[in-house]
Protein chains: 4
Amino acid sequence: MERLERKEREFNMRRAEILKQAEKVFATKGFHNVTVAEIASASGFSIGSLYQFFEGKENLYTTMISEKLDLMYAEIRKATNAAKDITGKIEALIDAHSQFIEKNKDFCRLFIKGENAALSEAMTSLRQKLIDDYFKHINFIENLLKDGIKKGLLRALPPHDMASALFHLIRASSMEWMLVPAKESLSSKKGFILDIFLKGVKKYD
Amino acid sequence: MERLERKEREFNMRRAEILKQAEKVFATKGFHNVTVAEIASASGFSIGSLYQFFEGKENLYTTMISEKLDLMYAEIRKATNAAKDITGKIEALIDAHSQFIEKNKDFCRLFIKGENAALSEAMTSLRQKLIDDYFKHINFIENLLKDGIKKGLLRALPPHDMASALFHLIRASSMEWMLVPAKESLSSKKGFILDIFLKGVKKYD
Amino acid sequence: MERLERKEREFNMRRAEILKQAEKVFATKGFHNVTVAEIASASGFSIGSLYQFFEGKENLYTTMISEKLDLMYAEIRKATNAAKDITGKIEALIDAHSQFIEKNKDFCRLFIKGENAALSEAMTSLRQKLIDDYFKHINFIENLLKDGIKKGLLRALPPHDMASALFHLIRASSMEWMLVPAKESLSSKKGFILDIFLKGVKKYD
Amino acid sequence: MERLERKEREFNMRRAEILKQAEKVFATKGFHNVTVAEIASASGFSIGSLYQFFEGKENLYTTMISEKLDLMYAEIRKATNAAKDITGKIEALIDAHSQFIEKNKDFCRLFIKGENAALSEAMTSLRQKLIDDYFKHINFIENLLKDGIKKGLLRALPPHDMASALFHLIRASSMEWMLVPAKESLSSKKGFILDIFLKGVKKYD
DNA sequence: GATGAATGAGCGTTCATTCAT
DNA sequence: GATGAATGAACGCTCATTCAT
């Protein structure tokens with residue numbers, strides 16, 4: 001019994017190590033420009049071993065993307081839920097999202113670079129998962145904003161559109177921060193995002 | 001003389017036809033999953049002929065992306081410049097951008113899917129061009145908003161960040177419209193974008 | 001009648017012009033690294049026109065080689081025949097051969113570089129022609145030497161082997177002259193070739 | 001340790017096998033008329049495997065030529081050095097050279113056919129190596145002959161030219177033997193070469 | 001179990017030749 | 001006749017995956 005557990009633990013550790021190194025390599029060069037041999041070499045395993053952990057190159061890639069994104073959404077929601085009031089939650093949402101991107105610059109670049117397309121089964125279902133997760137996340141933000149409307153803090157605009165807007169305002173800062181080599185910390189944009197999202201750009205209402 | 005002109009016209013028509021068909025094929029399957037033979041067959045030319053118009057697969061791809069994007073930015077700016085006052089210009093900006101996306105759904109999907117990455121010279125310089133064009137466009141919007149600030153219509157927020165925010169609010173709607181199969185017209189979101197951009201989501205200031 | 005003659009004369013002039021330019025291009029880059037388009041462009045004719053003068057690329061190449069080599073052998077024999085006595089004839093043979101090589105350095109390099117092989121019909125028959133011409137030439141020298149034996153000037157060694165030896169002694173100098181960038185005139189070797197061929201290297205007999 | 005040695009030995013055996021079969025195929029058809037698939041099939045390996053042993057088609061070709069030629073020069077020099085006196089050494093030189101050609105008819109034919117040209121890096125450096133090795137060999141013969149001059153056996157002709165002459169006299173016989181399908185053994189020419197090289201063709205001095 | 005050499009389908013690209021104009 | 005755009009077979013090479021050791 002104990003033996004089995006150790007085996008399982010070891011298996012998971014190796015799997016995680018491979019994913020970690022694969023992320024680095026993929027993030028640097030993109031899916032199509034990386035060979036399985038490279039990942040094997042980077043992670044210190046043999047080519048053959050990789051195929052014991054993952055069904056193939058695509059599966060390794062989609063798993064890596066998928067698990068990392070799960071982590072991102074989880075982190076953001078956890079931080080958001082931990083805040084007390086609506087404004088605090090929105091602030092936490094912006095902050096946690098920004099921080100994840102700052103910590104995972106290379107990974108996130110994969111989404112600017114693109115490198116997702118493909119026709120194969122695995123890639124198609126990855127894309128669908130990405131879309132589903134995206135809408136789940138928008139829905140999470142939506143509920144937050146609905147609460148704000150109910151509490152009389154926010155205007156009664158379509159919640160889904162508001163949520164989408166907030167998400168993409170965060171994305172806007174992130175993208176620019178990733179595109180321009182050296183700039184101030186991404187987190188410094190939090191105030192602006194919060195301000196423009198809440199009050200808009202017009203001078204007098 | 002006339003002969004030469006007709007030759008040139010024909011050349012350009014064939015070139016355009018290839019680009020048009022290549023756009024369709026690339027949009028469906030992404031750069032790496034399309035073969036030159038497929039594009040040749042789809043556009044009704046032989047493999048060899050493609051190489052008279054374009055230096056290779058990458059050149060065909062980057063040319064297609066580049067020219068189409070040039071067109072998009074040009075259309076948006078033309079429509080924007082044609083409007084009279086600031087609010088009208090912002091409205092026109094949103095409208096023209098939305099309309100281009102509605103008319104070029106498949107092409108725009110390439111950017112959601114990503115499929116830009118690659119390490120080669122051509123691809124690297126395409127990416128740089130995309131980034132440059134993006135910032136040029138943000139700058140165009142920036143100037144528009146600066147004018148609004150000067151005229152006392154808009155708050156004196158950092159113009160670049162405001163421009164980026166507006167651009168990504170438009171992008172937010174577009175993305176969702178492309179992700180969800182059948183939905184109301186993208187243009188119908190114009191009112192919301194304008195509203196949230198100008199006034200924000202907060203109930204009382 | 002006269003019209004026809006002019007046509008024919010023009011045809012031959014164009015054909016010669018193509019061969020002349022083709023020689024230059026082939027000599028510089030070798031058969032496989034030259035395209036038909038290059039030859040067309042170099043000779044000032046269209047691709048299609050080339051196919052009116054020659055059946056194809058191989059035919060153009062083999063014709064060029066063949067005719068040039070015919071010329072070489074003809075020149076050498078003419079000069080040789082013009083000399084009076086045996087020793088003079090051998091001297092003339094060496095001289096004319098050396099001079100042809102000096103005048104046609106690039107062409108002759110084709111034979112050092114190789115660039116003859118191929119499996120196709122045309123190439124095979126070219127090779128056979130080269131071999132036949134080579135033996136015909138050796139035979140010419142042979143007759144010269146037989147005469148020398150009959151006249152009591154030369155030892156009664158196997159005439160074919162003697163002829164071959166003489167030919168390759170000339171070739172030896174030529175080769176080195178072509179391999180080493182800048183050297184004294186090839187013709188300056190005539191004395192040495194004659195000396196070693198006639199007297200050998202041994203000090204006392 | 002032992003394991004590693006066996007691996008290395010196997011690797012070298014496979015590499016040698018590929019070179020051997022490649023030599024046959026190239027010798028028959030020339031560089032440009034052989035496909036990588038053909039060599040793979042002839043040597044009993046897959047296309048991909050060839051690329052584990054050699055960087056590409058050119059590398060395979062140049063390696064084959066280079067190693068074989070190294071072997072030839074080594075054999076000739078070894079045999080020559082083993083002989084006692086000058087005349088014996090010259091005889092051994094002729095003999096060893098002839099024997100190598102008799103044993104490696106197909107390989108040597110590559111040099112008659114030519115098939116060395118090409119513009120690429122690898123081919124250019126092969127050519128330079130061939131030339132360098134040629135002159136190194138001539139130099140080896142030169143030293144031999146210089147010794148003969150010093151010992152009073154040979155006339156004080158320019159040693160380099162004498163060496164070149166001897167080399168090409170051997171080459172003359174070899175070439176004819178290769179060109180004419182069936183003939184007496186090449187080695188039977190040794191006597192003639194020695195005779196003409198030492199004494200020349202003139203009857204009375 | 002672990003390995004990495006072996007496999008070969010599939011790719012982008014070239015260029016001799018043809019033939020509509 | 002003269003042209004050169006169009007053709008597509010054929011090539012060298014890569015690399016995800018397998019499987020004998």
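Chain identifiers are assigned alphabetically (A, B, ...) following the order of the sequence lines, protein sequences preceding nucleic acid strands; residue numbering begins at 1 within each chain. The structure displayed is predicted, hence computed values, not measured ones. Heavy-atom basis, side chains included; hydrogens, waters and symmetry copies ignored.
OP1 or OP2 of E:dT7 lies within a sub-4.0 Å distance of a side-chain N or O belonging to D:S49.
Taking the centre and axis of the six-membered ring of A:F31, the NZ or CZ atom of A:K57 falls inside the cone set by 45° and 6.0 Å.
Comparing C:E55 and D:R14, the nucleotide of DNA chain E nearest to each residue sits closer to the 5' end for D:R14. Toward the 5′ end of DNA chain E lies the nearest nucleotide of D:L50, the other residue of the pair C:A37 and D:L50 mapping further downstream. Comparing C:F45 and B:G48 along DNA chain F, the residue whose closest nucleotide (by nearest heavy atom) sits nearer the 5' end is C:F45. Both B:F53 and C:F53 lie close to DNA chain F; mapped to their nearest nucleotides by heavy-atom distance, the more 5′-ward contact belongs to C:F53.
Across the protein-nucleic acid pair, D:N12 atom CG and E:dA5 atom P stand 14 Å apart, rounded to whole Å. Atom-to-atom, CD of B:E10 to C1' of F:dG4 comes out at 14 Å; the value is rounded to the nearest Å. Between C:F54 atom CZ and E:dT17 atom P there is a gap of 14 Å when expressed in whole angstrom units. Look at CZ on D:F31: it is 10 Å from C1' on F:dG12, rounded to the nearest Å. Across the protein-nucleic acid pair, A:E38 atom CD and F:dC15 atom P stand 9 Å apart, rounded to whole Å. Note: CD (C:E58) to P (E:dT17) measures 7 Å, nearest angstrom. In this structure, B:I18 places its CD1 atom 14 Å from P of F:dA5, rounding to the nearest Å. What separates CD of D:Q52 from P of F:dC15 is a distance of 14 Å, to the nearest Å.
Of the candidates E:dG12, E:dA6, F:dA5, the closest approach to any side-chain atom of D:S46 belongs to E:dA6. Which of F:dA5, F:dC13, E:dA5 sits closest to the side chain of D:I47 comes down to F:dC13. Distances from the side chain of C:Y51 to the nucleotides E:dT13, E:dA16, F:dC11 place E:dA16 closest. For D:V36, the side-chain atoms get nearest to F:dC13 when compared with the rest of E:dA5, F:dC13, E:dG12. Between E:dT17, F:dA6, E:dG12, one nucleotide has an atom nearer to the side chain of C:K57 than all others, and that is E:dT17.
E:dC15: Watson-Crick or G-U partner is F:dG8, with both key distances under 3.5 Å. With a 3.5 Å ceiling on both atom-pair distances, the Watson-Crick or G-U wobble partner of F:dT21 is E:dA2.
Residues D:K129 and D:D132 are not paired through a salt bridge, judged by the lack of any N-O separation under 4.0 Å between the basic side chain and the carboxylate.
Aromatic pair A:F54/A:Y61: ring centres not closer than 6.0 Å.
Looking at residues two or more places apart in sequence or on another chain, you find no side-chain contact (heavy atoms from CB on, under 4.5 Å) involving B:A16.
Note that the OG atom of A:S66 and the CG atom of A:L130 stand 7.5 Å from one another [nearest 0.5 Å].
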